[in-house]
Amino acid sequence: MNKMMLSALLLAGVASIAQAQEENAPENSFTLSAQLRPRFEYRNGAYVPLQEGEKPAILVNNRTRLNFNYQHGDQLQFYVSLQNVNIWGQAPQVQVKDRTGGLSVFEAYAALPLYKDVNAKIGRQMIVLDEDRIFGSLDWHPAGRAHDAININWKASEKLSLRSFFAFNQNYFEGKITSGNVNNPKGQFFAPGGQPYQHLEAVHAHYDFAPTQGLSVLIANLGQRNDLVDNNDYNMQTIGFHYRGKSDALRYGAEGYLQTGKNAAGKDKEAFLLAGLVGYQFTPTFSATLGVDYLSGNDTNSSSDKDKAFNPFSGTNHKFYGFMDHFYVSYSPSYGLLNPYLTLNLKTSDKGSLSATGHYFHSAGKILGDQGSKTRLLAVEGDLVYTHKIQQYVSLQAGYSLIVPSSTYKQQRGLNLKVRKQQDWLWCSLNINPKLFSAKF
C-alpha cells in the first residue's frame, strides 16, 4: 500500500512539473500569407533605346508567392517563401511540362537568439540596408533579390544596433563539373552565374540621435572571382555613411561611399558616391524633394590603370536612377553618372497618391569622341506613378515614363543615330497580399 501511495505521489509530481513546463513554454504561432502581382508593361524604349523600325514589347509578367512563417516564441523563427515568376502565355493551356521556370525558393531562413540581445538569421534571405542604395530587396523586379548568408544582429541599446553579414558561395554548375557542389569531393570552383560574388563580409551600424535623426555606417568587403578566367580572388571594399533627418516640415539627408581594393577584373578601384536631398512638406497633401546623386566614373579616353567607376553592386538601382532602368540595371556606365532630380508628391485621397520625378542625367567622367570632346548630357527622363489602395489586401499602381536620350548616350550604348528622339514606358500593376491563415498554439 505504501509503495502504491509513493508511486501515485511520484506520478502526480511528474505530471505537475510537466504541466508547469507546458504553461511556461513559449507560444507557437504559424502564419500563411501569399502574393499575386501581375504587371502589364508597354516597353517602348525601357532598358535600351529602340531604333526606327523596332517594335515595342508588350507583355504581362507575374509573381506568385507563398510565405510560411513559424515562430516558437522568441526562441525560433522559421520562414520559407516560395515563388513562381512567369510571363503570361509561357505555359500552354494543357501544361504537361512546366515552361514558366517552375517553383523556386525566394527566401528560406531560420532566426534564433544567440546571447541576450544578439540573434542570428541563417539561410537564403534579403539584405536590405538603409534605403536600398548598396543593399536592396529589388522588389520591383518580379523575382526580387536574395542572398545565401548568415546575418548576426546585436541590439546594443534603444538607439544603437549592429548588423553583420557573412557569405561564402560556390558554383560548380558553371564549370565543367556537372554533378554540382553536393557531390564534389575536393577543391573549389566559382564563376558568376549564381550569386555574383564568391564571398561577402559586411558590418552595418545604425544610431538614432533623436526620433527624427539617424546615422548609419557601412563597411563591406566583396570577394569577386571567376575561375573560368583566372584563379585569383579580387576584394573590393565599400565604406560609407547614410544620414537622414527631419525638422517639422523639412527633411534632409546625405550619403557618401568610398570604394577601394580591386574590381572583378583585378584592376585597382578608386571610386566614390555622393548623394544629398532636401524635402519640404508644403501642405498635408503636397511635398517636394530636390536631390542629386554623383557616382564617379572613368574618362572614356583614359589610359589609367585605376577603375574610378562606382559599383552599386546589390542596390535597388531602379529606385534611384530612373524607372526606365537605363542606368545601373540594363547598363552600367563606366563613365559614372551625375543625376540631379526633383520629385513632387501629391496625396489625392485617403487611399491614393501621385508622384512625379524628373531626372537630368549627365556623365561623371569626360566623354571624348573622334572629333574631340563631346557633351556630358546623357538623357532627360520623367517618371509618373499613381498608387491606390483598393482594399486591405489589394493595391493598384500605374506609371508612365518618358526618356529623351542624347546622341552621346546613343553612341555610348553602341546604337546608331536612327534611335527615336523619345522613348516611353507604360505599366499597370495589381498587388494582392492576403493573409490566408494564422494560428497560435
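On a predicted model such as this, the values are computed, not experimentally measured, just so you know. For the numbers below, each heavy atom of this structure counts, side chains included, while hydrogens, waters and symmetry mates do not.
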query = Is the closest side-chain heavy-atom distance between Leu295 and Pro312 below 4.5 Å?
reply = yes
request  = Provide the closest heavy-atom pair for His147 versus Tyr197 in the form atom of the first, atom of the second, distance.
outcome  = ND1-OH, 2.7 Å
request  = Would you indicate whether the side-chain heavy atoms of Tyr400 and Val385 approach each other to under 4.5 Å?
outcome  = no
ask   = Any side-chain heavy atom of Leu396 within less than 4.5 Å of one from Cys428?
value = yes
task = Check step by step if ring pair (Phe, Tyr, Trp, His ring centres under 6.0 Å) holds for Tyr328 and His318.
result = CA-CA 8 Å; Tyr328 298 102; His318 173 89; over 10 Å; no
query = Within a strict 4.5 Å, meaning less than it, do heavy atoms of the Trp154 and Ile152 side chains meet?
reply = no
inquiry  = Using a 6.0 Å cut-off, check whether atom CG of Asp74 has over 12 heavy atoms from anything other than its own residue.
reply    = no
task = Mind listing the closest non-hydrogen atom pair of Val128 and Asp132 along with its distance?
result = CG1-OD1, 3.8 Å
ask   = Under 4.5 Å between any side-chain heavy atoms of Met126 and Leu138, yes or no?
value = no
inquiry  = With a 6.0 Å cut-off on the ring centroids, do Phe68 and Tyr70 count as close?
reply    = no
query = Judged by atom type as modelled, is there a donor-acceptor pair below 3.5 Å linking the side chain of Asn226 to the main-chain atoms of Leu228?
reply = yes
query = Could you give the distance from CD1 (Ile134) to CG (Leu273), rounded to the nearest 0.5 Å?
reply = 6.0 Å
query = Where do Leu384 and Leu354 land on the side-chain contact (heavy atoms from CB on, under 4.5 Å) test, with the steps shown first?
reply = CA-CA 7 Å; Leu384 189 67; Leu354 183 66; 4.0 Å; yes
query = Which heavy atom in Tyr386 sits nearest to a heavy atom in Ser353, and how many Å separate them?
reply = CD1-O, 3.2 Å
ask   = Does Gln125 use its side chain to pair, donor to acceptor, with the backbone of Ala149 at less than 3.5 Å?
value = yes
message = Set out, in order, the CA-CA distance, both residues' side-chain angles and the distance that settles side-chain contact (heavy atoms from CB on, under 4.5 Å) for Phe135 and Leu200, then state yes or no.
response = CA-CA 12 Å; Phe135 288 97; Leu200 167 71; 4.0 Å; yes
key: Salt-bridge contact Arg133-Asp293 (side-chain N to carboxylate O under 4.0 Å)   = yes
inquiry  = So, taking the atom named CD in Glu107 and the one named CD in Gln83, what distance separates them when rounded to the nearest 0.5 Å?
reply    = 9.5 Å
key: Heavy-atom neighbours of Gln90 CD exceed 12 at 6.0 Å   = yes
query = About how many Å separate CD of Gln259 and OG of Ser296, when rounded to the nearest 0.5 Å?
reply = 7.5 Å
message = Taking Gly315's backbone N and O only, do any of them form a donor-acceptor pair with Arg145's side chain (distance below 3.5 Å, no angle check)?
response = yes
ask   = Quick one: does NZ or CZ of Arg413 land under 6.0 Å from the six-membered ring centre of Tyr331, within 45 degrees of the ring axis?
value = yes
request  = Could you verify whether a donor N or O on one side chain and an acceptor N or O on the other, from Asp130 and Ser216, lie under 3.5 Å apart?
outcome  = yes
request  = Would you indicate whether the side-chain heavy atoms of His204 and Leu162 approach each other to under 4.5 Å?
outcome  = no
ask   = Between Tyr207 and Phe209, is a ring pair (Phe, Tyr, Trp, His ring centres under 6.0 Å) present by the stated rule, with each step listed?
value = CA-CA 6 Å; Tyr207 185 78; Phe209 297 97; 5.1 Å; yes
inquiry  = Once rounded to the nearest 0.5 Å, what's the spacing between atom OH of Tyr393 and atom CD1 of Ile432?
reply    = 13.0 Å
task = For residues His326 and Pro49, determine if any side-chain heavy atom of one lies less than 4.5 Å from a side-chain heavy atom of the other.
result = yes
query = When you look at NZ of Lys269, are more than 12 heavy atoms from neighbouring residues, nucleotides or ligands closer to it than 6.0 Å?
reply = yes
task = Spell out, as yes or no, whether a donor-acceptor pair under 3.5 Å connects the side chain of Ser406 to the backbone of Leu378.
result = yes
query = After noting the C-alpha distance and the side-chain angles of Phe40 and Ile58, does the key distance pass the side-chain contact (heavy atoms from CB on, under 4.5 Å) rule?
reply = CA-CA 8 Å; Phe40 166 82; Ile58 302 175; 3.6 Å; yes
request  = Mark yes or no for whether Gln195, through its side chain, and Pro192, through its backbone, hold a donor-acceptor pair below 3.5 Å.
outcome  = no
query = Could Arg124 and Asp148 be called an ion pair, given the rule that one side-chain N must be under 4.0 Å from one carboxylate O?
reply = yes
message = Test your reading of the model: is there a side-chain donor-acceptor pair from Thr316 to the backbone of Lys319, 3.5 Å cut-off?
response = no
request  = Go through the side-chain N and O atoms of Gln213 and Asp208 and say whether any donor and acceptor fall under 3.5 Å apart.
outcome  = no
Nearest non-hydrogen partners of Asp233 and Gln224, listed with the distance = OD1-O, 3.5 Å
query = Going from CD on Glu54 to NZ on Lys418, what distance comes out if it is rounded to the nearest 0.5 angstrom?
reply = 11.5 Å
task = Dump the intermediate steps for ring pair (Phe, Tyr, Trp, His ring centres under 6.0 Å) on Tyr79 and Tyr109, then the final yes or no.
result = CA-CA 6 Å; Tyr79 182 84; Tyr109 62 80; 5.3 Å; yes
task = Determine, for Glu255 against Arg244, whether the closest basic-nitrogen to carboxylate-oxygen distance falls under 4.0 angstrom.
result = yes
request  = Classify the angle between the aromatic ring planes of Phe361 and Phe327 as parallel (below 30°), tilted (30 to 60°) or perpendicular (above 60°).
outcome  = tilted
task = Evaluate whether atom NZ of Lys121 has more than 12 neighbouring non-hydrogen atoms of other residues, nucleotides or ligands under 6.0 angstrom away.
result = yes
inquiry  = Within the 3.5 Å criterion, strictly below it, is a donor on Asn84 or Thr64 matched to an acceptor on the partner's side chain?
reply    = no
ask   = Asn151 side chain to Phe165 main-chain N or O, any donor-acceptor pair under 3.5 Å?
value = no
message = For the backbone of Val329 and the side chain of Asn317, can you confirm whether one donor and one acceptor N or O come within less than 3.5 Å of each other?
response = no
request  = Take Gln423 and Asn44, measure what side chain to side chain donor-acceptor pair (under 3.5 Å) needs, and give me the verdict at the end.
outcome  = CA-CA 6 Å; Gln423 320 269 324; Asn44 188 32; 5.9 Å; no
key: Polar contact flag, side-chain donor to acceptor under 3.5 angstrom, Thr31-Asn69   = no
query = Is the distance between the ring centroids of Tyr360 and His362 under 6.0 Å?
reply = yes
note = Heavy-atom closest pair (Leu50 atom, Lys55 atom, distance to 0.1 Å) is CD1-O, 3.9 Å
task = Go through the side-chain N and O atoms of Thr343 and Thr289 and say whether any donor and acceptor fall under 3.5 Å apart.
result = no
ask   = With no hydrogens and no angle check, is any side-chain donor or acceptor of Gln35 less than 3.5 Å from a backbone partner on Asn431?
value = no
message = Taking the ring of Phe30 and the ring of Phe441, is the distance between their centroids below 6.0 Å?
response = no
query = Cut-off 3.5 Å, side chains only: do Gln397 and Ser429 have a donor facing an acceptor?
reply = no
key: Residues Asn345, Lys347; criterion side-chain contact (heavy atoms from CB on, under 4.5 Å); working and verdict   = CA-CA 7 Å; Asn345 291 298; Lys347 188 176 181 181; over 6 Å; no
message = Can you confirm if the NZ or CZ of Arg43 lies within 45° of the ring axis of Trp427 and under 6.0 Å from the centre of its six-membered ring?
response = no
ask   = Can you tell if the side chain of Phe241 reaches within under 4.5 Å of the side chain of Leu215, non-hydrogen atoms only?
value = yes
task = Please determine if Arg37 and Asp139 form a salt bridge, counting it only when a charged side-chain N lies under 4.0 Å from a carboxylate O.
result = yes
request  = Report the relative orientation of the aromatic rings in Tyr294 and Phe272; use parallel for angles under 30°, tilted for 30 to 60°, perpendicular for over 60°.
outcome  = parallel
inquiry  = Could you check whether any side-chain N or O of Gln95 sits under 3.5 Å from a backbone N or O of Arg99, counting only pairs where one atom can act as donor and the other as acceptor?
reply    = yes
